[in-house]
2 protein chains.
Amino acid sequence: MNTVDTRTKILDVAQDLIQRVGVNAMSYRDISEAIGIRNAGVHYHFPTKDGLITALLERYSDDVLSLLDQIIASPESAETKLRRYFALFETTLLSGNQDKACLGGMLGAENESLDAALTEKVANFYRANERRLAVILVEGQQSGAFKFAGDAETMAVLVFSTLQGGMLLSRVKGDGTEYRAILERLVRMLKG
Amino acid sequence: MNTVDTRTKILDVAQDLIQRVGVNAMSYRDISEAIGIRNAGVHYHFPTKDGLITALLERYSDDVLSLLDQIIASPESAETKLRRYFALFETTLLSGNQDKACLGGMLGAENESLDAALTEKVANFYRANERRLAVILVEGQQSGAFKFAGDAETMAVLVFSTLQGGMLLSRVKGDGTEYRAILERLVRMLKG
DNA sequence: GTCTATAGCGCGATAGAC
DNA sequence: GTCTATCGCGCTATAGAC
């Protein structure tokens with residue numbers, strides 16, 4: 001059953017391509033060939049490339065943050081929530097057995113070559129992640145599961161930095177297990 | 001006094017451009033215009049783009065690792081060495097008052113759109129950094145300055161991940177002070 | 001909503017003069 | 001070692017038929 005509409009197919013394929021090769025190495029032709037229509041057909045749905053990328057980031061951000069909110073709202077312990085957060089990026093974003101970067105990380109790296117309005121959207125995606133991470137960290141602090149000095153906000157930024165850097169490094173080195181090892185170690189550090 | 005030869009000028013300009021906009025948004029024309037020669041003049045020194053990028057990464061890797069070796073060989077404490085390591089990426093690589101990414105980070109993000117041989121060179125740059133970080137961490141462990149559970153190798157990868165992720169995030173958010181805050185917090189965590 | 005066809009440009013790269 | 005000139009291609013994007 002293939003009831004997915006073309007607009008969604010375009011977004012799916014574009015996201016996959018960007019996560020693999022980057023924004024500037026992905027073309028309308030790549031997209032059109034992958035879904036079996038022509039160049040002009042893609043332009044019908046997304047007249048400009050910056051518009052396509054903007055729509056893509058919005059969908060991605062909504063999806064990830066919504067999954068994150070589900071994790072936060074669950075009755076699990078803070079430590080489990082944090083692990084599920086890390087697993088989200090490991091499986092959903094490094095999914096499909098091939099090495100994919102985080103869309104947010106890739107757009108961040110290439111952000112200076114994109115529409116200026118996109119920079120703020122990418123930054124907001126980062127901030128939204130950090131805000132949710134801070135909630136989990138505070139919860140763990142209060143329950144005694146996490147023990148660390150200083151404010152949870154800075155720690156949340158540190159955790160998100162490690163997550164993003166860990167994905168980058170694991171992908172380049174071709175060792176998918178490294179990401180897990182890095183964040184497992186980080187959890188242990190947070191537990192004190 | 002301008003005694004810098006053209007080959008060096010090309011490498012300097014290309015590196016600056018890649019650190020800002022990425023490999024795939026940088027062109028021979030950008031380079032030639034920046035140094036005041038023509039497209040063909042750049043091709044004389046670097047016939048292919050992959051060759052140029054390879055030469056660039058080699059120079060960059062040699063420079064960074066040599067500075068790192070100097071830091072390690074210095075009589076400073078392990079904590080000071082680690083701070084100097086972080087400052088190296090903060091000042092030398094985010095230099096020139098504008099937001100630049102780490103060349104290694106940028107090539108890592110865009111690595112799937114580059115010559116396959118470059119992937120291994122980028123990975124080796126990461127590993128070389130991690131190896132040196134591990135030396136500093138072990139030194140700090142032995143002197144009692146650092147206290148952490150588990151092997152220094154995994155911790156070195158965690159530290160390098162945080163450094164790379166921190167540079168990415170700070171750059172996108174336009175807040176250069178964030179990088180420093182993240183790594184300052186990491187140092188405090190390592191001190192236990 | 002997708003097609004054919006094409007405009008217009010920037011790209012990496014090369015030949016050959018100087 | 002840098003130049004002019006150019007090739008051939010891929011790109012984003014658009015016009016107009018179906």
Side-chain angles (χ1 to χ4, degrees), chain A residues 1-57 59 106-107 109-118, chain B residues 1-57 59 106-107 110-119:
Chain A
M1 233 108 48
N2 187 1
T3 52
V4 181
D5 65 1
T6 302
R7 188 192 147 90
T8 304
K9 279 188 202 163
I10 292 171
L11 288 173
D12 289 345
V13 165
Q15 181 174 329
D16 183 85
L17 282 167
I18 292 176
Q19 287 182 325
R20 289 184 205 284
V21 302
V23 187
N24 295 309
M26 175 220 71
S27 73
Y28 271 63
R29 180 191 277 185
D30 293 333
I31 298 170
S32 67
E33 283 181 356
I35 66 174
I37 65 171
R38 302 295 196 157
N39 176 2
V42 183
H43 276 284
Y44 168 79
H45 295 279
F46 298 97
T48 69
K49 194 173 180 180
D50 278 328
L52 166 58
I53 297 163
T54 301
L56 201 49
L57 178 59
R59 186 185 73 154
M106 191 65 91
L107 294 184
E110 295 185 303
N111 105 81
E112 297 242 344
S113 68
L114 302 173
D115 191 297
L118 264 167
Chain B
M1 238 110 40
N2 186 3
T3 52
V4 181
D5 64 1
T6 301
R7 189 192 147 90
T8 303
K9 279 187 203 164
I10 292 171
L11 289 172
D12 289 345
V13 165
Q15 181 174 328
D16 183 84
L17 283 167
I18 293 177
Q19 287 182 323
R20 289 185 205 284
V21 301
V23 187
N24 295 309
M26 176 221 68
S27 72
Y28 271 63
R29 181 191 275 186
D30 294 333
I31 298 170
S32 67
E33 284 180 355
I35 66 173
I37 66 172
R38 302 296 197 156
N39 176 3
V42 183
H43 275 285
Y44 168 77
H45 294 280
F46 298 98
T48 71
K49 194 174 181 179
D50 277 328
L52 167 59
I53 297 163
T54 302
L56 202 49
L57 178 60
R59 187 185 73 154
M106 191 65 91
L107 293 184
E110 295 186 303
N111 105 82
E112 297 242 344
S113 68
L114 302 174
D115 191 297
L118 264 167
T119 299

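Throughout, a chain's letter reflects where its sequence line sits, starting with A, and its residues are numbered from 1.
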| request: Please identify each residue that fulfils side chain to side chain donor-acceptor pair (under 3.5 Å) with A/Thr8, with sequence neighbours left out. | output: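 For A/Thr8, the residues satisfying side chain to side chain donor-acceptor pair (under 3.5 Å) (neighbours in sequence not counted) are A/Asp5.
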| 5' to 3' contact window, DNA chain D with chain B (heavy-atom distance under 4.0 Å) |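 The contacted stretch runs from D/dG1 to D/dT4.
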| query | For B/His45, which residues count as a ring-ring contact (aromatic ring centres under 6.0 Å, His included) partner, sequence neighbours excluded? | reply |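 B/His45: no ring-ring contact (aromatic ring centres under 6.0 Å, His included) contacts found.
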| field | By ring-ring contact (aromatic ring centres under 6.0 Å, His included) - contacts of A/Phe46 (at least two apart) | value |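 None.
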| said: Using the side-chain contact (heavy atoms from CB on, under 4.5 Å) criterion, which residues pair with B/Ala14? Sequence neighbours excluded. | reply: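 Checked B/Ala14 against side-chain contact (heavy atoms from CB on, under 4.5 Å); matches are B/Met26, B/Ile31, B/Leu52, B/Leu56.
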| request: List in chain and number order the residues that pass side chain to side chain donor-acceptor pair (under 3.5 Å) with B/Thr48, two or more places apart in sequence or in another chain; answer none if no residue qualifies. | output: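 Residues passing side chain to side chain donor-acceptor pair (under 3.5 Å) with B/Thr48: none at all.
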| said: Counting primed atoms plus P, OP1 and OP2 as sugar-phosphate and everything else as base, spell out the protein contacts along nucleotides 10-15 of chain C at 4.0 Å heavy-atom distance: B, S or - for each nucleotide, 5' to 3'. | reply: SSSBBB
| request: With sequence neighbours left out, write down each residue that passes side chain to side chain donor-acceptor pair (under 3.5 Å) with A/Ser32, or none if nothing qualifies. | output: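 Residues passing side chain to side chain donor-acceptor pair (under 3.5 Å) with A/Ser32: none at all.
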| said: If the condition is side chain to side chain donor-acceptor pair (under 3.5 Å), which residues does B/Asp12 pass it with, not counting sequence neighbours? | reply: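 Once residues adjacent in sequence are excluded, the partners of B/Asp12 under the side chain to side chain donor-acceptor pair (under 3.5 Å) criterion are B/Arg59.
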